[in-house]
A.B. asks: 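Pasting in a structure now, in structure tokens, and then I'll have a few things to ask.
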Amino acid sequence: MDIKGKIESTAVKNNLFMIHLATKDGKITIISQKEIEGLLAYRWVNFTNIEKHKGLFKSQYELTNKSFAILHPGLCIGTIEMNLANKCGYAPLILQFVSSLSKDDSREKDFYNTMHNYIQGDEHSKVLSERLPKDIKAKFSFKPVEVSVKYGFLVKDSLYLGKLPIVFSNHEMKGKVQSVISGSDKYILIESDGTLKEEKIEINEKQSLMSSRNSLVLEFFKENHKDLLSIECSDDCPAHNYCKIIKERNNEFDLFDTYFKNFLRQNYKVRADYQKTLRYGINPKRLSVQVRSGVQSAFDFNAKIADNEGKMHQLEDVVVIEKPPLDRKTLGVVKHLSFEEIGIKLDAPIVNGEAVTPISIPKQSFRGIFQFVYSDTPPTKILKGNSAILAPIQQNSYVDGDAEQNASVNLILSDNPLVFVKGENGTGKKFVAHRAAAEMLERGQSVLVVTDSRIAEFNKVFEDLVSNERLKIFNIADSELFESKITFDQTFFFLLFCNPSQQIIAFKDYDIALINIAGLSNKLSIFSPKDIKTDFESHVPAECSKTLLTEHRFGTHLFHFIKPMLDDGLKTSDDVELKVINKENIDAEFMPIINPEKLVQFVTISPKIFGKKNKWNINEAQFTVDAISQFIKAGVERASIGVIVPFERQKALIEKMLDDKKIPDVDVMELSDAKEKDVVFINFVENSEIKSELRETQRLKFAFTRAKSKLILVGNTELLRKNKFLFKLIPK
């Protein structure tokens, strides 16, 4: 029999190992002849093949030589990781920490698709398909994703012949895992010559399999990982070179372990969400998109959106759930997304999809931490606590008309390994970086630009320099950033989104992002809003931090509107008045909106809101599109108009309305992708209280400061009463 429960305690009594378990049927004690390692108090466990002996007063439960334990079955482990766990429990975790796990070649999927003429497979698969008779082919079935909660395994691209799993040679681990979760105790192996061979998994192999899985799961819950220093690594282990560095420089192990533990905690949460998403078909944090009338051809699935509560974007990984009784889950990527339709590039053909669910991704990347701990670049030394010595800073002329910008360029070009350039939005941080990068490239040096958002805007800023192969631009979430072995002369790191109301502490997004990139170059220049503070600044001389003091993006009127949110010492420039060429074309009701003399306006719109998490407001969208058409009639360039929205669904709605009116080239942007525009509309969408990311003052300020000439806020006046910053800026 099988028993599932939560471990309350373990003890040794009369040479027997006692496991006290809380189950749904009450508390029981399981007896074992030998101690079982890794049983943690208050963790769930499944015991399989337990013997039950009825006693006079209560039953007795005993582990036999056929029993095995499955720790924390809610955490699913993949077959690629199981292969690596044969080396040691740390191998798959170390490789995830420093890079990406290599992907399975999915021969089973390709073979199945070749048999059904979905693809032109490799020669081996075609020969096998031609050799097999039709009655055998008809017995093949395929499952894109299998999740076994009981055994804690995740298997992708599962191929079956009848009820038996079937795998290619070199995929034996996959076959063993499938045989366990399917309950068949057998699997079929396709040999290299095409012959089929039945393999049986014995009880000792099952026990060994679960022991390897349990050892991997246990690493997530350890308080320290000192045993990593004593593991004997084999040269053929993919993690060998990393473990070798860890052991050779064990004096830095405590620092490594600190970040490794935080990586494991986040990794655990992501795995748990992924497992729930695959099991239930709904992402616990991001929900899902209900679809109808799906049309598909081979690996393409296109459907009408019935209910979009799952916030998704193009090229995002998703799971497509089929309708019962199939209830299969298939992985895919968002190919296109509009207000009415969604298109998915599937990993495998489906019959009838009913929902699309986004797959959670980590909030932080830890892939650069290893380089931070085990590299000796000057920035890493400073960030580890070594005080910097001030190097001479020359004062050459690079920028006319702004002394702080010119001083910042000179600071970046100095020999100081860690510098800070701060300033409000619009003070010219990107301009300073561009000027410094151009000078460095002229000198033959290499530059890495890293940003936490708006990668398209940075590509635009540096577009005249990107043809130079010594300049690279990355988003910090891009895995290629950390897989490159190149060390740059200098990194420019732009931190754009951070909550300044909190004092930065260890393992906040700012710190993780900063140390992630510290080992990538010999110098590091950090660009951030002035009000973001970090303890790292205490390690550098005061002269290595410059603040930009003049607002260049917008003029006096916009400046005075958001002044309560800005630095007191900030200087402003002249207004940049919007050019309205054809005033006679404007409809009378829109004249007050288009009026170039009114640089900031709050337009009250009666709400018509739909959605719970991913909201949209039809009335705000309709007004915004109508106003945009009036601006265009007045002679304002389409490309100079932008709309900022807090929800993906509102973005899709406005884009559809613009498309219906045949208005191209107007950017509708979520906050993380917001660009600077002459005219900026902001849709608040919500009714009486801001619950979106616009509730944070730093993000609200960021949105307001995208406008150069005119800012139009579209929302309900009730928002002014509930939000103290809006109330301060726009009294009723």
Side-chain angles (χ1 to χ4, degrees), residues 371-372 375-424 427-451 461-462 465 468 470-473 486-495 510-511 513-550 552 567 569-571:
Q371 289 169 289
F372 167 73
S375 70
D376 291 316
T377 63
T380 61
K381 290 179 179 178
I382 295 173
L383 294 178
K384 288 176 187 176
N386 298 325
S387 295
I389 299 173
L390 179 64
I393 303 172
Q394 296 182 3
Q395 293 302 320
N396 297 320
S397 180
Y398 297 105
V399 179
D400 295 329
D402 191 317
E404 289 84 14
Q405 286 186 354
N406 192 66
S408 297
V409 175
N410 279 288
L411 175 61
I412 294 167
L413 296 175
S414 72
D415 290 332
N416 290 283
L418 181 62
V419 303
F420 293 83
V421 177
K422 294 177 172 288
E424 290 283 7
T427 53
K429 294 186 290 293
K430 292 190 292 294
F431 173 79
V432 165
H434 179 279
R435 187 65 194 86
E439 180 64 24
M440 292 183 67
L441 295 175
E442 186 71 25
R443 298 177 183 182
Q445 297 176 308
S446 56
V447 180
L448 170 66
V449 180
V450 182
T451 173
V461 169
F462 292 92
L465 303 178
N468 192 316
R470 293 193 302 277
L471 175 74
K472 301 294 181 184
I473 305 174
I486 301 173
T487 299
F488 292 83
D489 289 309
Q490 182 158 186
T491 295
F492 296 165
F493 173 51
F494 284 83
L495 181 80
Y510 185 89
D511 299 286
L514 185 56
I515 62 177
N516 250 302
I517 62 170
L520 301 178
S521 64
N522 295 314
K523 294 172 61 178
L524 177 59
S525 294
I526 302 159
F527 300 81
S528 70
K530 184 185 176 184
D531 46 11
I532 292 179
K533 302 294 182 184
T534 170
D535 289 339
F536 293 135
E537 291 179 66
S538 64
H539 299 314
V540 301
E543 292 86 348
C544 289
S545 181
K546 295 294 181 185
T547 301
L548 304 177
L549 299 175
T550 302
H552 291 281
D567 175 35
L570 196 63
K571 294 176 285 187

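Predicted, not measured: the structure shown is a model, and the values here were computed from it. Position 1 is the first residue of the sequence; numbering continues from there.
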A.B. asks: Tell me if a side-chain donor or acceptor on K429 pairs with a main-chain N or O of E424 at a distance below 3.5 Å.
C.D. replies: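 Here the side-chain-to-backbone pair exists.
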A.B. asks: For the side chain of N406 and the backbone of N396, is there at least one donor-acceptor N/O pair under 3.5 Å apart?
C.D. replies: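 It does hold such a pair.
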A.B. asks: Is it the case that the side chain of K546 and the backbone of V409 share a donor-acceptor pair, with hydrogens and angles ignored and the cut-off at 3.5 Å?
C.D. replies: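 Not confirmed, K546 side chain does not pair with V409 backbone.
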A.B. asks: Do N416 and V540 make a side-chain contact, defined as non-hydrogen atoms from C-beta onward lying under 4.5 Å apart?
C.D. replies: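 They are not in side-chain contact.
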A.B. asks: For K384, what residues pass the salt bridge (Lys or Arg N to Asp or Glu O under 4.0 Å) criterion, not counting sequence neighbours?
C.D. replies: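 For K384 the salt bridge (Lys or Arg N to Asp or Glu O under 4.0 Å) partners, ignoring immediate neighbours, are E252.
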A.B. asks: Check whether any side-chain heavy atom of I412 sits under 4.5 Å from a side-chain heavy atom of E439, and report yes or no.
C.D. replies: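 The answer is no, as the side chains (C-beta and beyond) never meet within the 4.5 Å cut-off.
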A.B. asks: Does the Q405 side chain pair with the main chain of Y398, one donor and one acceptor, at a distance under 3.5 Å?
C.D. replies: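 Absent.
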A.B. asks: Kindly assign one of parallel, tilted or perpendicular to the pair F494 and F527, based on the angle between their ring planes and the thresholds 30° and 60°.
C.D. replies: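 Ring orientation, 0 to 90° scale: parallel.
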A.B. asks: Would a distance-only check, ignoring hydrogens and angles, find a side-chain to backbone donor-acceptor pair under 3.5 Å from Q490 to Q445?
C.D. replies: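 No; judged by distance alone, with no hydrogens or angles, the pair does not exist.
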A.B. asks: Donor-acceptor pair, D489 side chain versus S446 backbone, under 3.5 Å?
C.D. replies: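 A pair under 3.5 Å: yes.
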A.B. asks: With heavy-atom distances below 4.5 Å as the criterion, would you say the side chains of I526 and L418 are in contact?
C.D. replies: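 The answer is yes, as the side chains (C-beta and beyond) meet within the 4.5 Å cut-off.
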A.B. asks: Using a 3.5 Å distance criterion without hydrogens, assess whether the side chain of S521 forms a donor-acceptor pair with backbone atoms of V447.
C.D. replies: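 It does not hold such a pair.
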